[in-house]
Amino acid sequence: MGANTSQVSDLSENPSLKALVGTQSISENDPFWNQLISFTFISPTSSGDSKLLEEAVIPLAKTLIENNPRTGNFGALVRVFLGRTKELKISTECQDQLFIWQAHNALFMIRCLLKVFIREMSEAELHLQLSYQERALGSCGSEDLLEELLSNLIHLIVEVPQLDITYSILFEAVTTLLVFFSYQLFHKDILRDGPIYQHIMKGRCLSLTSRLVKTLLYNFIRQEKCPPPTHIFEPKAEGGLLYGLASGVASGLWTVFTLGGAGSKVATDQEQNPLPLSNQSLLLLLVLANLTDGPDWPNPYRQAIASFRNTQDTSSSSAEQPHTFQINFNSLYTALCEQQRSDQATLLLYTLLHQNANMRTYMLSRTDMDNLVLPILEILYHVEDRNSHHVYMALIILLILTEDDAFNRSIHEVVLKNVSWYSERTLTEISLGSLLILVVIRTIQFNMTRTRDKYLHTNCLAALANMSAQFRCLHQYAAQRIISPHQKTLYIYIYIYIYIHTHTHTMTAVYLGSLESVSLPLSIFVSPLQFVCFVSKKHNKVLEQATQSLRGRQGENAALPDYAQDLNVIEEVIRMMLEIINSCLCSSLHHNPNLVYALLYKRELFEQFRTHPSFQDIMQNLDTVIGFFSQRLEQAGSDLSVERVQEVIMKGAQALPTDRLKKFPELKFKYVEEDQPEDFFIPYVWSLVFNSGVGLHWSPHGIELFSMDSG
């Protein structure tokens with residue numbers, strides 16, 4: 001960075017940079033600036049190199065902070081850049097690559113210095129640094145340079161077309177805006193005010209809200225790779241120094257775009273398939289969407305995201321929402337389906353489903369919902385490899401989708417062939433609905449034995465409950481899995497009960513499966529086989545007394561110990577799964593012979609719940625169905641084949657009077673964001689910027705917003 005500099009180690013000794021940060025004022029009209037921004041510095045190619053660059057810039061930036069009040073050189077650099085932005089659109093039309101290249105270099109320098117400034121000073125102090133005027137000329141301009149810079153960056157993003165020759169400066173403009181907002185990283189509390197916030201939310205930038213959101217969305221939709229340097233700068237016929245400089249810098253610009261952020265989990269993907277402008281635009285969009293509302297005004301960017309319409313929507317609303325615009329829903333839907341591997345794309349999908357009714361209606365009307373649902377299911381299937389926030393977002397997306405009855409019906413009509421990523425069992429043919437059930441139940445079981453997160457299993461069960469009345473033609477494996485969790489959860493339930501009731505002569509035993517070690521009394525230490533026998537012999541008394549005894553021992557206001565809370569959680573899971581089975585039997589028994597078959601096959605298991613006060617009411621219908629079909633099978637004779645049993649079930653399903661089943665309220669759950677959602681989403685969004693921002697590195701020391709292991 002700086003004229004003719006090509007290595008990080010040269011920065012501190014570069015004469016142009018020393019002059020910029022030194023004690024002498026430099027007029028913005030001085031030829032010095034053309035020399036300064038015509039550098040051939042090779043930009044970082046890895047997060048490690050990005051860190052080295054920042055470490056080299058820090059001492060220069062600190063010197064500038066010290067001298068800038070007397071020289072105003074930082075403001076002069078900003079004004080040099082602003083002077084060039086006014087001609088960028090014309091330069092693009094005229095293919096003036098040199099002008100665009102220099103404007104990019106000026107902005108790159110501003111961004112590198114800003115990153116250090118933001119870490120070293122408050123917003124008010126940054127505002128002051130930009131207000132220092134050229135002392136040598138004694139100028140006394142009255143413009144707010146901070147607002148001018150922010151406004152020009154947004155103008156640049158929305159007005160300059162995305163071409164090979166403009167790709168790098170558009171990327172730099174988006175990245176610089178992200179850097180401006182990075183003050184949030186260094187504050188534990190959510191920032192709700194400040195000069196940058198005021199300018200972006202209320203100032204001259206406000207009129208560009210819808211255009212900015214639309215442009216960022218289209219950047220995400222286009223998924224343009226960074227153009228190779230040969231496409232940015234074509235050689236002149238006579239070659240010469242100008243081309244040599246330009247092509248050298250182009251190579252440097254190309255390398256920066258393959259860079260993943262510090263600690264990035266997707267750095268490898270970005271190096272193999274770099275989409276820097278798309279990635280950075282999406283991150284900026286999420287940052288803007290999650291800015292907090294002001295005391296007297298809503299977040300305009302969230303308003304724009306919540307109200308945009310399809311380009312094919314020709315209806316005119318008499319009371320249009322502010323900042324609305326139109327965008328191609330088909331293109332956006334396609335991009336969302338293709339990019340669900342990343343946290344930020346999943347978060348955008350959640351944001352649109354939750355906030356934009358137009359987009360939600362469009363998605364639910366698609367006949368190819370499998371293109372969207374399958375990537376979400378794959379996220380949940382690989383729950384062990386995903387961060388918790390990504391899993392939450394995927395799960396909430398399913399919950400929102402299952403609020404729609406038409407969706408719940410249609411997914412059972414989509415037949416999938418050979419789902420390659422599902423490895424527990426070969427699924428040569430299965431409906432999307434049955435696959436969804438399998439993945440969600442697997443997530444519940446993973447949570448019960450590993451993370452024990454009540455929020456996670458509650459939302460899993462809510463999604464299954466929403467679907468239950470529309471279960472259709474369940475795959476036999478899905479039907480088995482709906483029934484089988486009861487056996488495992490029952491064992492865990494009684495296991496914890498044993499622990500609660502014993503306190504002496506303990507030793508450690510590990511329950512079969514992946515339940516964590518617990519302390520058991522020596523007198524009842526049994527093998528897995530003996531334990532199963534214990535369950536089957538003692539089920540009535542144990543199940544009935546477990547919760548009552550626990551509650552009796554605890555005072556009404558006493559906090560339950562962890563094992564007692566586990567008991568309550570497992571009871572909730574058993575209850576909800578029984579309600580889900582009941583809902584299916586009441587609404588669509590004749591459509592689900594495989595579920596009836598699985599229910600009969602495991603009928604002894606359900607005897608465990610009949611006398612338990614928490615399950616007695618819901619067991620009435622299950623008992624009726626089990627009794628009805630058991631009698632039919634007895635009448636059909638002994639030694640029945642599987643095919644004959646299924647035939648009896650099919651005929652019996654048509655004969656069972658519906659009035660014999662007790663009616664329960666319909667199972668319906670709706671996702672509602674908790675109060676102050678920014679407390680979750682703002683740290684989450686900034687963890688994505690920290691981990692996935694292309695060409696950005698922040699030292700983890702001093703980050704206050706989230707812990708380094710968050711997400």
Going by distance alone, is a donor N or O of one side chain under 3.5 Å from an acceptor N or O of the other, for E678 and N290? no
Considering all heavy atoms of both residues, which atom of M201 and which atom of L206 are nearest to each other, and what is their separation? O-CD1, 3.3 Å
At what distance, to the nearest 0.5 angstrom, does CG of L348 lie from CG of L217? 6.5 Å
Would a distance-only check, ignoring hydrogens and angles, find a side-chain to backbone donor-acceptor pair under 3.5 Å from Q344 to N279? no
If you look at every heavy atom in A345 and Q340, which pair is closest and at what distance? O-NE2, 3.4 Å
Are a donor atom and an acceptor atom from the side chains of Q198 and E147 found within less than 3.5 Å of each other? no
Examine distances only and state if a side-chain atom of Y167 and a backbone atom of L277 form a donor-acceptor pair shorter than 3.5 Å. yes
Is it the case that the side chain of T209 and the backbone of P300 share a donor-acceptor pair, with hydrogens and angles ignored and the cut-off at 3.5 Å? no
Answer yes or no: is there a side-chain heavy-atom contact under 4.5 Å between W101 and I165? no
Any salt bridge linking D293 with R302? Criterion: basic side-chain nitrogen under 4.0 Å from a carboxylate oxygen. yes
First locate atom CD1 of I682, then atom CD1 of I190, and finally report the distance between them rounded to the nearest 0.5 Å. 4.0 Å
Does atom CD of Q24 have more than 12 heavy-atom neighbours, drawn from other residues, nucleotides or ligands, at distances under 6.0 Å? no
Do Q35 and S16 have side chains that get closer than 4.5 Å, going by heavy atoms? yes
Is the distance between the ring centroids of F117 and F74 less than 6.0 Å? yes
No-hydrogen, no-angle side-chain donor-acceptor test under 3.5 Å, T175 and Q280: yes
Residues passing the salt bridge (charged side-chain N to carboxylate O under 4.0 Å, His left out) test with E54, sequence neighbours excluded, are K115
Counting distance only, does the side-chain N/O of Y333 pair as donor-acceptor with the main-chain N or O of N328 below 3.5 Å? no
Any donor-acceptor pair under 3.5 Å from E123 side chain to I196 backbone: yes
Close aromatic pair by centroid cut-off 6.0 Å: F681 and Y350: yes
Can you list every side-chain hydrogen bond (donor to acceptor under 3.5 Å, both in side chains) pair that touches residues 57-67, not counting sequence neighbours? N67-R70
Are F680 and H389 an aromatic pair by the rule of ring centers under 6.0 Å? yes
Closest heavy-atom pair and its distance - S342, H390: O-NE2, 3.7 Å
Calculate, to the nearest 0.5 Å, the distance between atoms CE and CG belonging to M359 and N356 respectively. 7.5 Å
Is it true that E148 and R79 have a side-chain N and a carboxylate O under 4.0 angstrom from each other? no
Of all heavy-atom pairs linking W698 and I703, the shortest is CB-CD1, 4.4 Å
Checking side-chain contact (heavy atoms from CB on, under 4.5 Å) for the pair L149/L153: CA distance, chi angles, key distance, verdict? CA-CA 6 Å; L149 178 55; L153 288 173; 4.2 Å; yes
More than 12 foreign heavy atoms under 6.0 Å from CD of E674: is that the case here? no
Positive for side-chain contact (heavy atoms from CB on, under 4.5 Å) with I26, one of N73, L36, T71: N73
